[in-house]
Amino acid sequence: MTNPPETVEYDNATGGWGSLRGMGSTALGEKSTPGALETLRSQNKTGGFMCTSCAWGKPKHPHAFEFCENGAKATLWELTTHRCTPEFFAKHSVTELRGWSDHDLEHEGRLTHPMRYDAASDHYVLCGWEEAFSAIGAELEAIDPKSAIFYASGRASLETSYLYALFARLYGHNNLPDSSNMCHETTSVTLNSLIGSPVGTCVLDDFVQCDAIFFFGQNTGTNSPRFLHPLQKAVERGCKVVTFNPIREKGLIEFVNPQRPTQMLTGNGTQISCQYLQVRAGGDIAAIMGLCKYVLAEDARRGGTLIDRAFIAEHCLGFEAFRAKADATTWDRIEQESGLSRADIEEAGRVYVEAERVIGVYGMGLTQHVHGFENIAMLVNLLLMRGHIGRPGAGICPVRGHSNVQGQRTVGISEKPELVPLDKFAEQFDFDPPRDKGMTTVEVCEGVLDGSVQAFIGLGGNFLRAIPDQARIEPAWEQMRLTVQIATKLNRGHLFNGKIAYLLPCLGRSEEDMQAGGPQTVTIEDSFSHIHASIGHRKPASEHLKSEMAIVAGIAKATLPPNPKVRWDEWTADYSLVRDLIAETYHEEFHDMNARIFEPGGFYRGNGARERIWKTESGKAQFTAPDMLAATDVADDDGRYRLVTVRSNDQFNTTIYGYSDRLRGIEGKRNIVLINPADMARAGLTEGQRVSLTGDAGDSHVRRIDGLEIIPFDLPDGTIVGYYPELNPLIALHHHDRHSKTPASKAVPVRIEPSAR
Ligand SMILES: Nc1nc2c(c(=O)[nH]1)N[C@H]1C(S)=C(S)[C@@H](COP(=O)(O)OP(=O)(O)OC[C@H]3O[C@@H](n4cnc5c(=O)[nH]c(N)nc54)[C@H](O)[C@@H]3O)O[C@H]1N2
Ligand SMILES: Nc1nc2c(c(=O)[nH]1)N[C@H]1C(S)=C(S)[C@@H](COP(=O)(O)OP(=O)(O)OC[C@H]3O[C@@H](n4cnc5c(=O)[nH]c(N)nc54)[C@H](O)[C@@H]3O)O[C@H]1N2
Ligand SMILES: [Mo]
């Protein structure tokens with residue numbers, strides 16, 4: 001589809017001067033503490049601290065500035081001089097603060113003191129750490145452990161995560177959902193069942209060797225900008241990039257490298273994608289089926305020499321059923337469901353066929369769908385056909401979100417007991433861990449609604465703002481007995497409280513973590529299963545802050561009966577003791593952890609599928625023959641749209657740095673609906689008109705957001721776009737991936753109505 005002239009267009013590439021200006025505006029707006037630039041220089045380097053923005057790999061040989069526009073923003077946002085103090089809370093009631101925007105809440109700055117919610121006055125009031133710990137401990141002791149939830153947003157270190165998960169099990173539950181349950185849980189479930197690895201199989205070096213990269217629903221320029229560097233180099237040595245995305249995202253079109261003077265001076269960047277296919281939201285199963293059909297036809301034409309039959313015979317199951325499914329699927333249906341033409345899909349197929357080594361990259365565009373499992377399964381099918389998993393320069397590469405979200409799962413934060421070495425825990429700590437399944441994010445929301453969830457501890461994050469059906473769940477949230485939030489900055493999730501509620505401020509990763517045993521190092525795992533040490537050097541934002549580790553240990557100690565094998569104080573004094581515990585539990589992957597954490601580029605914990613060892617039920621890699629071609633189960637209907645909720649270039653999840661979506665050319669607003677001009681004409685809408693979106697999920701609940709501005713944009717027919725988290729109340733809780741229960745934040749069924757306001 002060509003760009004109609006009236007759609008919003010941004011004529012600059014990703015990177016370039018705009019990215020430097022983007023960082024600058026955050027630095028000015030936040031008045032970062034002196035020396036912040038020094039801190040940025042050590043970002044993502046051995047001996048420095050690991051960025052809290054995305055989980056992209058940290059190279060062995062980093063650039064002089066191994067950070068990007070958005071990584072810099074994340075750091076500057078943490079190093080702000082603004083402070084959210086007890087005086088602030090004395091001035092503003094919690095109910096008043098509910099009227100504030102996400103940006104304004106966090107813009108108040110770093111939390112400085114532990115606070116207790118006082119329901120009588122509707123204010124947060126100052127409290128002491130010990131008072132908080134003992135009140136929380138007493139409440140946890142009083143309730144059924146199975147009614148408590150320990151949530152984690154994927155930032156806390158491996159050390160804290162390991163102890164948090166241990167605490168949950170010593171206390172008596174496996175209710176350990178993390179942000180992954182709204183994110184790449186589809187990946188963990190699908191890849192685990194099909195190739196026996198819950199994580200991607202690629203490492204950074206594969207991007208130096210691949211011949212083609214197929215991109216599905218991942219917005220590199222905004223969400224993992226450091227990836228643009230290896231991508232640029234790959235394209236320059238002849239690697240072909242083919243992108244499937246309903247939005248023409250700038251980072252996948254052109255990149256002006258801010259670290260290359262000639263590109264900065266001329267403004268001439270590198271063209272990234274050789275083909276950009278604007279698939280309709282939810283159309284990837286069909287699109288990849290089309291690619292596979294082309295490959296099968298081409299294989300037949302070439303006398304069966306294209307498909308790697310030896311690999312399939314030795315390593316895979318299910319190929320024949322999959323092939324029969326591809327044969328039985330007509331091009332008509334593929335074109336209709338994907339919104340792409342056969343000719344375009346076949347052109348992309350030719351790139352696949354000509355490449356010796358192919359990588360499949362994907363993000364939320366595949367995972368956050370009702371049939372997200374099948375989206376990913378189709379990508380696995382495509383790669384398996386020519387043996388592109390388990391050899392150098394090829395593989396499957398889910399791009400993870402939070403900086404340690406993958407690692408938290410690795411070291412035990414999981415609601416799925418079968419994925420956790422419980423016997424090992426039992427032996428190490430001399431107790432009987434619970435064996436029953438814990439709750440996913442969606443199940444937690446259901447439990448809050450039906451009153452069975454009684455306590456919630458949030459180790460970071462903004463759970464209430466990130467979940468679907470937010471407007472339904474907020475009131476129910478206040479029926480809980482206990483809510484505890486461990487956080488760096490104030491957010492909306494802190495404004496809905498249980499009967500007893502605490503807001504506990506913690507250190508950020510860039511800050512010095514001083515304990516009885518001296519300054520501490522923490523570790524994180526990147527998207528490529530490499531483990532890195534991170535040392536914060538900055539002076540903490542307030543002398544009253546505690547580390548996440550100290551807070552978790554403080555609550556645990558106040559809750560649990562003494563156990564000689566469980567030494568909260570010693571572990572808090574010296575985190576290397578916790579790394580010894582991790583190395584003992586996960587010996588194969590983490591042996592000698594303390595000795596390896598400073599290896600440049602991180603130490604690799606290995607991946608069976610990369611070696612073609614398939615830890616699946618059958619011991620083989622599995623082809624899938626999906627029953628459906630659309631990733632949604634809501635049928636097409638007149639006036640029904642598929643809403644995609646995305647991030648702007650000026651936010652990190654629910655943290656809104658500002659209102660500039662530079663790369664999409666949208667400035668100064670977030671309450672918008674992007675829609676193509678043909679759909680506008682059909683619906684009789686005009687540019688700038690205010691509309692309401694209403695949920696069309698087929699149940700009895702009313703879901704509605706008013707006052708959204710119509711902006712014409714280059715999109716496939718029937719696909720509309722708006723921002724997360726503003727539009728989360730439109731997503732029905734039951735609208736989630738059938739296998740992993742990851743909420744379907746993409747292809748949300750909605751209707752458009754002219755707005756009263
Ligand atoms: N600066 C910054 N960095 C971040 C984050 C942030 O908010 N800000 N968040 C972090 C986190 S937790 C995560 S999980 C990642 C998220 O990073 P992404 O995976 O890039 O997530 P989204 O921003 O949701 O964008 C999804 C992309 O998928 C496309 N898409 C939507 N629906 C479909 C579909 O049906 N098919 C296809 N093929 N494409 C589709 C959208 O157009 C968009 O380009 O980024 C991480 N990094
Ligand atoms: N509609 C829609 N909904 C979505 C998505 C979508 O694409 N569309 N994406 C989903 C995804 S991929 C994710 S990962 C979730 C994100 O959900 P969460 O991870 O729960 O949310 P965040 O916005 O990342 O959390 C921000 C808060 O974390 C706290 N914080 C920041 N740094 C630290 C730290 O170092 N320590 C501690 N303890 N706290 C800290 C701050 O208080 C900040 O306000 O949202 C999901 N929700
Ligand atoms: Mo995420």
Side-chain angles (χ1 to χ4, degrees), residues 52-56 68-71 73-74 77-78 102 105-106 111 151-156 160 178-184 215-220 222-225 243-249 252 277-284 287 362-369 375 398-403 405 441 458-468 470 485-494 504-510 548 551 631-632 642 644-655 657 715 719 721-728 730-731 742-743 745-748:
T52 50
S53 196
C54 76
W56 185 253
C68 65
E69 171 187 0
N70 287 335
K73 280 187 196 169
W77 194 250
E78 185 167 292
D102 299 299
L105 289 172
E106 283 210 30
L111 297 164
Y151 170 71
S153 151
R155 290 199 195 206
T160 306
D178 81 354
S179 57
S180 176
N181 286 92
M182 302 182 244
C183 182
H184 269 294
F215 256 94
F216 293 86
Q218 202 271 332
N219 184 11
T220 312
T222 285
N223 295 328
S224 48
T243 298
F244 291 79
N245 195 313
I247 308 177
R248 288 177 59 80
E249 303 284 21
L252 295 166
L277 294 144
Q278 286 181 274
V279 64
R280 67 193 285 223
D284 300 271
Y362 67 92
M364 299 298 101
L366 291 196
T367 63
Q368 294 177 332
H369 282 284
N375 271 338
V399 181
R400 294 274 168 170
H402 272 297
S403 51
V405 65
T441 287
L459 180 56
N462 191 358
F463 184 87
L464 250 184
R465 191 66 170 144
I467 53 174
Q470 194 197 349
Q485 304 285 357
I486 302 163
T488 51
K489 289 200 173 182
L490 182 64
N491 65 46
R492 188 171 172 88
H494 307 150
L504 305 177
C506 65
L507 294 173
R509 200 185 286 156
S510 57
E548 291 178 324
I551 298 172
T632 168
R642 294 184 183 175
V644 166
T645 59
V646 292
R647 297 151 168 81
S648 84
N649 189 55
D650 214 3
Q651 77 183 82
F652 190 92
N653 296 343
T654 69
T655 295
Y657 303 127
L715 289 169
T719 295
V721 173
Y723 289 125
Y724 145 62
E726 285 81 352
L727 299 185
N728 281 36
L730 294 170
I731 306 170
T742 305
S745 303
K746 311 294 189 257
V748 182

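Whatever order the structure lists them in is the order used to number ligands and atoms, beginning at 1. When reading the values below, keep in mind they use all heavy atoms of this one structure, side chains included, and skip hydrogens, waters and symmetry mates.
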What protein heavy atom lies closest to atom 21 (O) of ligand 2? Include the residue and the distance to one decimal.
N462 N, 3.4 Å

Taking the side chain from S179 and the backbone from G154, do they hold a donor-acceptor pair closer than 3.5 Å?
yes

Are the side chains of N223 and V399 in contact, using a 4.5 Å heavy-atom criterion?
no

Which of the ligand 1 atoms, numbered from 1, are nearer than 4.0 Å to a heavy atom of D284
34 (C), 35 (O), 36 (N), 37 (C), 38 (N)

Give the residue and atom name of whichever protein heavy atom lies nearest to atom 23 (O) of ligand 2, and the separation in Å to one decimal.
T654 OG1, 2.6 Å

Side-chain donor/acceptor of D102 to backbone N/O of R492, under 3.5 Å:
no

K746 versus ligand 2: do any nitrogen or oxygen atoms come within less than 3.5 Å of each other?
yes

Looking at every non-hydrogen atom in both residues, tell me the closest pair between Q470 and P725 and how far apart they are.
OE1-O, 4.2 Å

So, the side chain of K746 versus the backbone of T645: is there a donor-acceptor pair under 3.5 Å, distance only?
yes

Within a distance under 4.0 Å of any heavy atom of P246, pick out the atoms of ligand 1 and give their elements.
30 (N), 33 (C), 37 (C), 39 (N), 40 (C)

Does C183 reach the side chain of T742, with side-chain heavy atoms less than 4.5 Å apart?
no

Looking only at protein heavy atoms, identify the closest one to atom 4 (C) of ligand 2 and say how far it is in Å.
Y724 CE1, 3.2 Å

Who are the side-chain hydrogen bond (donor to acceptor under 3.5 Å, both in side chains) partners of T719, not counting sequence neighbours?
none

Nearest heavy-atom pair of A466 and N728: which atoms, and what distance?
O-ND2, 3.0 Å

Per-atom filter on ligand 2: closer than 4.0 angstrom to a heavy atom of N491 are 27 (C), 42 (O), 43 (C), 44 (O)

Which residue and heavy atom of the protein sit nearest atom 47 (N) of ligand 1, plus the separation:
N223 O, 2.8 Å

Any non-hydrogen side-chain atom of S224 less than 4.5 Å from a side-chain atom of Q218?
yes

Nearest neighbour of atom 5 (C) of ligand 2 from the list H494, E106, Q368, on a heavy-atom basis:
Q368

Does any N or O of ligand 1 fall below 3.5 Å from an N or O anywhere on N70, backbone included?
yes

How are the rings of F244 and F216 set relative to one another: parallel (under 30°), tilted (30 to 60°) or perpendicular (over 60°)?
parallel

One finds that the ligand 2 atoms under 4.0 Å from a non-hydrogen atom of C506 are 36 (N), 37 (C), 38 (N)

So the atoms of ligand 1 within less than 4.0 Å of a heavy atom of G363 turn out to be 19 (O)

If you define the side chain from C-beta out and look only at heavy atoms, does anything of T632 sit under 4.5 Å from R642?
yes

When you measure from atom 29 (C) of ligand 2 to each heavy atom in S403, G461, A156, which option holds the nearest one?
G461

In the protein, which heavy atom is nearest to atom 35 (O) of ligand 1, and how far is it?
G282 N, 2.7 Å

Do S510 and E78 pair up side chain to side chain, a donor and an acceptor below 3.5 Å, judged on atom types alone?
yes

Quick check against the 3.5 Å criterion: does N649 have a side-chain atom that pairs as donor or acceptor with the backbone of T222?
no

Evaluating non-hydrogen atoms only, which member of F652, F216, F244 is closest to atom 10 (C) of ligand 1?
F652

Looking only at protein heavy atoms, which one is nearest to atom 8 (N) of ligand 2, and what is the separation?
T645 OG1, 3.0 Å

Report yes if the side chains of E548 and I551 come closer than 4.5 Å at any heavy-atom pair, otherwise no.
no

Quick one, N653 and R465 - any side-chain contact, counting heavy atoms below 4.5 Å?
no

Using distance alone, determine whether S153 and ligand 2 share an N or O pair under 3.5 Å.
yes

Counting each atom of ligand 1 from 1 as listed, which ones have a heavy atom of I247 under 4.0 Å away?
42 (O)

When you measure from atom 37 (C) of ligand 2 to each heavy atom in E548, R647, H402, which option holds the nearest one?
E548

If we ignore hydrogens and angles and just use 3.5 Å, is the side chain of H494 paired with the main-chain N or O of N491 as donor and acceptor?
yes

The atoms of ligand 2 lying under 4.0 Å from a heavy atom of K489, numbered in the order shown, are 41 (C), 42 (O), 44 (O)

Taking all atoms of both residues into account, what is the closest heavy-atom pair of M182 and Y151, and its distance?
CE-OH, 3.4 Å

So, does N181 use its side chain to make a donor-acceptor pair with the main chain of D178 at under 3.5 Å?
yes

Determine whether a donor-acceptor pair (N or O, by modelled atom type, separation under 3.5 Å) exists between the side chain of T367 and the backbone of H184.
no

Option with minimal heavy-atom separation from atom 26 (C) of ligand 1, where the choices are P225, G217, P398, A281:
G217

Out of all atoms in ligand 2, which are within 4.0 Å of some heavy atom of Y151? Include the element for each.
17 (O), 18 (P), 19 (O), 20 (O)

Donor-acceptor under 3.5 Å (R155 side chain, R509 main chain)
no

Look at atom 32 (N) of ligand 2 and find which of R509, Q485, Q651, R155 reaches it with the closest heavy atom.
R155

Mark the output for C183 as yes if a heavy-atom distance to ligand 1 is under 4.0 Å, and as no if none is.
yes

Can you list the atoms of ligand 1 that are under 4.0 Å from a heavy atom of H369?
34 (C), 35 (O)

Based purely on interatomic distance, does N653 place a nitrogen or oxygen under 3.5 Å from a nitrogen or oxygen of ligand 2?
yes

Within 4.0 Å of some non-hydrogen atom of N219, the atoms of ligand 1 are 20 (O), 44 (O)

Within the structure, is a non-hydrogen atom of S224 found at a distance of less than 4.0 Å from ligand 1?
no

What is the nearest protein non-hydrogen atom to atom 15 (C) of ligand 1, stated with its residue, atom name and distance?
G401 CA, 3.8 Å

Quick check: A466 and ligand 2, any N/O pair under 3.5 Å apart?
yes

min-distance protein heavy atom vs atom 14 (S) of ligand 2 -> S179 CB, 3.6 Å

Does ligand 2 have a heavy atom under 4.0 Å from the side chain of T488, from its backbone, from both, or from neither?
both

Heavy-atom check, side chain of P246 versus side chain of V279, under 4.5 Å
yes

List ligand 2 atoms under 4.0 Å from G460, heavy atoms only on the residue side.
37 (C), 38 (N), 39 (N)

Just which atoms of ligand 1 are under 4.0 Å from any heavy atom in C54?
47 (N)

Considering heavy atoms of the protein only, find what lies nearest to atom 1 (N) of ligand 1 and give residue, atom and distance to 0.1 Å.
T222 O, 3.0 Å

List ligand 2 atoms under 4.0 Å from I731, heavy atoms only on the residue side.
1 (N)

Heteroatom distance test (M364, ligand 2): nitrogen or oxygen, under 3.5 angstrom:
no

Taking side chain as C-beta onward, heavy atoms only, is P743 less than 4.5 Å from Q368?
no

As a check for students: among T655, T632, N245, identify the option with a heavy atom nearest to atom 42 (O) of ligand 1.
N245

Atom 44 (O) of ligand 1 has as its nearest protein heavy atom E249 OE2, 2.6 Å

What protein heavy atom lies closest to atom 31 (C) of ligand 1? Include the residue and the distance to one decimal.
V644 CG1, 3.5 Å

